[in-house]
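Before any comments, here is the structure.
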Amino acid sequence: MMNPLLPQPVGRFAPSPSGPLHFGSVVAAVGSYLSARAAGGRWLLRIEDVDAPRSVPDAAEGIIHTLARLGFEWNGPIVWQHARLDAYAEALQLLRDRGWVYGCACTRKMLADAPRAADGSARYPGTCRAGLAPGQSARAWRFRVLPGVVHFVDAVQGPVAEDVLADVGDFVLLRADGLFAYQLAVVLDDAAAGVTEVVRGIDLLPSTARQIALQQALELPTPAYAHLPVVVDAAGQKLSKQSLARAVDELPDEQVLFDALACLGQAPPVQLRGAPLAQIWAWAQAHWSLDAVPRSAAVPARRDYDR
Ligand code: GLU
């Protein structure tokens, strides 16, 4: 039951419009939705189209339509990152004024031999940290990471510690192609919307320490984090557009919701299989337990969800 003395949680789902909604994204959406709503909180929807070249035309509308069909109800207007560029520019300027960012002249080719970070991305060796050589000009803008370890307790995965400077190095906030980086946009968007809890797929766990470091530099609050297992196909591959995951639109809504709850360890009773959506949602809200979510990195999907 909702405690009127406790602040109500604000959760969100933030899909990138790179294709139709697949089952893995539905699981993240259901987890974030129930975490906020079962506690009497709000749930927001944001379309992460900051990486315009990777956005697929009409994908956002398709995702919104699918979420509505599955019975999700979001609070307030949908936020689109393409409408937030001024806020990103303003924050970047503030960070520049305070010495948190510096221009970087390195090309992809120059960084090709840099050591790899844990997630396989290149660790920035700090080449331009002390300033650009005469004649060089900035291509991208990087965040000057403080030395030390970022600690947080993930509500599903437990304590996490990451040395961002050692593992990732100074990371890009404004890319050489003129686009703002996801890391900056997500931190600013969550703070502007008053998000108190970020519930998302474990594939984003390696980004969290970077986001906390940015929140600290921008003097923004750090939300609570819960990273859900990702859904994998029979071959153990994460369901994604690349793995040719099936669009959930092709399957009955009731089945998709029921299976998402099962993947989240909620053990919906078999009598609910095939029940109307409203009935499944009512059961899910009444029985939601974050503690029941598997503490593993991956959960398998039924065969229906890949091809
Ligand atoms: N837009 C990201 C994605 O679709 C999610 C970002 C987030 O939840 O922080 O993978």
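For reference, positions follow the sequence shown, starting with 1. Both counts, for ligands and for their atoms, begin at 1 and track the order of listing.
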Q) Any idea which part of Y182 is under 4.0 Å from ligand 1, heavy-atom wise: side chain, backbone, both or neither? A)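 Side chain only; the backbone of Y182 stays clear of ligand 1.
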
Q. At a non-hydrogen distance cut-off of under 4.0 Å, which region of L204 contacts ligand 1 (side chain, backbone, both, or neither)?
A. side chain

Q) Between V231 and P300, what is the shortest heavy-atom contact and its length? A) CG1-C, 4.3 Å

Q) For the residue pair G148 and D163, what are the closest heavy atoms and their distance? A) O-OD1, 3.6 Å

Q) In terms of atom number and element, which parts of ligand 1 are under 4.0 angstrom from non-hydrogen atoms of R200? A) 7 (C), 8 (O), 9 (O)

Q: Could you list which atoms of ligand 1 come closer than 4.0 Å to a heavy atom of V186?
A: 9 (O)

Q.
Using 30° and 60° as the class boundaries, would you call the ring planes of W80 and H82 parallel, tilted or perpendicular?
A.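 Tilted, since the angle between the ring planes falls between 30° and 60°.
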
Q) W43 vs F13 aromatic rings, parallel, tilted or perpendicular, using cut-offs 30° and 60°? A) parallel

Measure the distance from [atom] to every protein heavy atom, then report the residue, atom name and distance (to 0.1 Å) of the closest one.
atom                   : answer
atom 6 (C) of ligand 1 : E48 OE1, 3.1 Å
atom 5 (C) of ligand 1 : A14 O, 3.3 Å
atom 3 (C) of ligand 1 : S16 OG, 3.5 Å
atom 8 (O) of ligand 1 : R12 NH1, 2.7 Å

(Q) Are any of the N/O atoms on D203, whether in the backbone or the side chain, positioned under 3.5 angstrom from an N/O atom of ligand 1? (A) no

Q: Report the residue from Y182, F143, W100, Y124 that forms a ring pair (Phe, Tyr, Trp, His ring centres under 6.0 Å) with F171.
A: F143

Q | Any donor-acceptor pair under 3.5 Å from Q266 side chain to L264 backbone | A |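 Answer holds: yes.
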
Q. side-chain contact (heavy atoms from CB on, under 4.5 Å) with L228: which of I202, V199, L204?
A. V199

